[in-house]
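What follows is a single structure, written as structure tokens, with notes after it.
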Amino acid sequence: MTIQGIVQGVGFRPFVYRLAVDAGLTGWVRNTPSGVFLEVQGAEEQLNSFLADLSKKTPPLAVISSIASAEIPTVKESAFLILKSGGGENSIQIAPDGDVCPDCLGELFDPSDRRYRYPFINCTNCGPRYTIITGVPYDRPFTTMASFPLCPQCRAEYENPLDRRFHAQPVACPVCGPRLELLDAGGRAVAADPLETAISLLREGKILAIKGLGGYHLAVDACNAEAVRELRTRKKRDEKPFAIMSSDLAEVAGYAEFDQTEQRLLEGVEKPIVLLRKRPGNRIAPLVAPANGYFGVMLPSTPLHHLLLKDTFHALVMTSGNLSDEPIAYRDEDARERLQGIADYYLIHDRGIHTRTDDSVIRVFQGNTIFLRRSRGYVPRAIVLPSSQKSVLAVGAELKGAVCLTRTDQAFLSQHIGDLRNDAVLRSLEETVAHLEQILAIRPDVVAHDLHPDYLSTVYAQGLEDLPRIPVQHHHAHLASCMAENRLEGETIGVIFDGTGYGSDGTIWGGEFLVGGYQSFRRWGHFRQVPMPGGDAAVREPFRMAFAYLHAAFGAGLYDLPLPFLDEIPAEHRKLFLSMVERRINSPLTSSCGRLFDAAAALVGLRNRVSYEGQAAIELEALAEESETCHVYPFDIHQEGEGTTIDFGPLFRALVRESAEGRERAALARAFHNTLAAASAAVCDSIRKETGLERVVLSGGVFQNKLLTEGILSLLTAEGFQVYLQRLAPPNDGGLALGQAIIAGRSI
Ligand code: ZN
Ligand code: ZN
Ligand code: FE
């Protein structure tokens with residue numbers, strides 16, 4: 001039998017060994033370049049039970065993608081053996097990091113166990129993987145555990161095929177393994193027990209930097225309003241919600257609601273942050289997630305987290321250890337430098353983190369996952385492409401950077417790298433590419449990048465001189481990303497809504513209706529373009545977009561309208577604003593859907609400025625959820641030359657009228673969502689009439705919005721369309737590299 005998938009470094013051979021021995025079979029198992037290879041020999045009944053168990057009782061971190069078997073003549077043998085690995089590395093897949101398994105958890109809290117309360121307990125079924133691997137083959141010398149020689153007891157476990165720790169590379173114990181240490185703000189070691197002291201300090205409301213699996217978290221008691229406020233102040237004018245961690249589901253149930261899917265995700269080995277609706281009257285400090293109906297919640301993902309939370313806190317804030325917009329800190333010296341002035345104490349240890357991975361973030365939509373960020377626990381699990389292709393390196397766009405490498409029909413989407421706006425993040429991208437190429441043994445034949453000439457990712461790709469380059473239009477890549485993970489071929493309709501992307505005509509796109517497949521696409525229709533007064537300033541200040549949309553609808557007459565956001569523009573600047581838009585001074589044109597949301601949010605009075613990208617849209621969705629209205633505002637669809645233009649002028653005129661009449665804001669926000677869904681369905685319908693296409697893919701960052709996704713999905717489904725969403729890769733730019741990779745792969 002040949003078994004492929006994530007079957008190496010996850011205890012698969014000992015698992016096979018135990019199954020074979022239990023079933024009384026003889027034979028052998030070994031790792032080979034094309035997966036795990038094994039021969040078993042025995043009575044048919046025993047073979048059948050072995051086969052059934054093989055796929056049913058798979059070790060927690062293993063993922064079987066295929067099993068191929070053939071019958072061969074029997075030979076004379078008397079035992080089952082684990083053979084040495086055969087050479088080559090063509091199909092290596094590295095396991096993601098996983099949470100503590102139930103066996104280890106039992107030992108962690110068993111006073112008679114030699115690893116009782118040892119924060120680095122692990123076995124072949126659990127623990128760190130991707131974050132500690134420094135090279136291949138996956139073996140202790142090529143992990144950050146290399147500097148910890150095994151003690152005799154750990155070695156005996158490591159070498160015993162019947163032990164749960166057989167070939168568990170990160171295996172360790174209090175005698176031979178990594179240790180915790182507590183440092184004060186000045187970097188001096190605190191003499192007392194690090195764990196107990198850390199818990200007392202958190203109880204007192206102190207801010208602790210805690211070294212986790214993929215980087216540092218900043219932790220405070222989530223029920224201590226003063227501590228949470230202090231953390232916000234020290235992290236600097238950031239309004240982004242903080243993630244929180246609780247010991248178990250019973251605690252979570254005290255402050256948030258969850259369904260079966262959400263429960264399954266919370267408890268899964270990946271331990272992502274799951275967005276859960278807040279329970280009214282909860283005890284969590286409001287500043288944890290201000291102006292937001294949801295908490296980002298995760299359960300413990302390391303033994304250290306379990307030890308910190310067991311019988312102690314209702315919940316701890318566990319937010320990435322960084323200043324706003326920077327990637328998570330993961331190197332010890334760097335963390336101490338960057339978190340200076342934020343953390344009161346550092347709870348650290350001497351097991352190195354080789355690869356930074358931020359926490360993954362997930363929303364559940366109708367039983368499906370929507371990745372807002374795909375990182376720790378999922379990376380580097382492969383996404384299977386519809387067919388094999390040449391090896392491609394795709395470098396993504398600018399925001400939510402992530403790269404993708406392909407090998408045969410497998411696409412490896414990297415961890416979240418961060419916003420590629422400075423050299424530090426660019427270096428992190430370079431390191432990620434080099435590391436993934438090494439550990440996955442991939443030599444790309446071609447590099448794919450965004451059309452935008454100034455993105456640092458584009459500049460990086462241009463620097464790879466020995467590789468042919470394939471530029472890919474941003475929204476085409478979104479379309480292909482969704483098609484690829486749904487294994488679609490041929491042509492589809494793409495409803496691609498996002499904040500920004502460089503268009504084939506050099507303007508900024510973002511409210512796009514595309515028709516196409518991997519080879520090519522046409523821009524069938526788009527939102528009517530409006531100027532972005534002040535360029536990038538319009539992204540930070542949504543009132544500028546409201547100004548642009550109202551100018552399009554009312555002209556200079558907009559100053560006479562009774563709109564509170566106009567107070568943002570002082571009398572002496574009013575003329576200037578007008579001429580900026582009319583004469584298009586520093587006001588690039590955009591068809592962005594993100595900016596449309598910004599305009600609506602400012603217009604209904606939600607906010608005129610944002611402190612992070614997408615904030616206005618998130619708050620507009622939260623507001624809309626408070627209303628049940630089915631009301632739809634008017635909109636126009638024009639035929640302009642080759643393409644279709646969707647004009648939301650009528651929508652804005654209606655919003656102005658209804659807000660002047662005093663209609664509640666939630667109803668306005670809801671009707672705005674309804675209108676966008678109705679317009680999308682109408683355009684899809686006209687595309688179907690002309691092309692006969694019935695499959696629609698929804699992608700782009702706007703599809704993190706559940707309300708809009710639900711609206712479009714239900715309208716299109718009712719009209720007989722087949723609708724596809726992104727469930728494996730993020731719909732935002734974090735999933736873009738997957739689309740770039742398949743487009744490039746299909747073009748060579
Ligand atoms: Zn374990
Ligand atoms: Zn040991
Ligand atoms: Fe995008």
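In this chain, residues are counted from 1 in sequence order. Whatever order the structure lists them in is the order used to number ligands and atoms, beginning at 1. What you are looking at is a predicted structure, and each value in this text was computed from that prediction instead of being measured.
For the Fe ion (ligand 3), the nearest N, O or S atom contributed by Asp733 is named OD1. Of all N/O/S atoms in Asp498, OD2 sits nearest the Fe ion (ligand 3).
In terms of modelled atom types and a separation under 3.5 Å, the side chain of Arg115 and the main chain of Asn122 share no donor-acceptor contact.
Geometry note: the Zn ion (ligand 2) is the vertex, Cys173 SG and Cys151 SG are the arms, and the angle is 100° (rounded to 10 degrees). To the nearest 10 degrees, the angle centred on the Zn ion (ligand 2) between SG in Cys154 and SG in Cys176 reads 110°. Geometry note: the Zn ion (ligand 1) is the vertex, Cys101 SG and Cys104 SG are the arms, and the angle is 110° (rounded to 10 degrees).
A heavy-atom distance below 4.5 Å is not found between the side chains of Thr124 and Phe15. Leu713 places none of its side-chain heavy atoms less than 4.5 Å from the side chain of Glu710.
Atom CZ of Arg117 has more than 12 heavy atoms from other residues, nucleotides or ligands within 6.0 Å.
Taking 2.8 Å as the threshold, His478 counts as a candidate ligand of the Fe ion (ligand 3), since one of its N, O or S atoms lies below it.
Of the options Arg140, Gln169, His167, a side chain to side chain donor-acceptor pair (under 3.5 Å) to Tyr158 is made by Gln169 and by none of the others.
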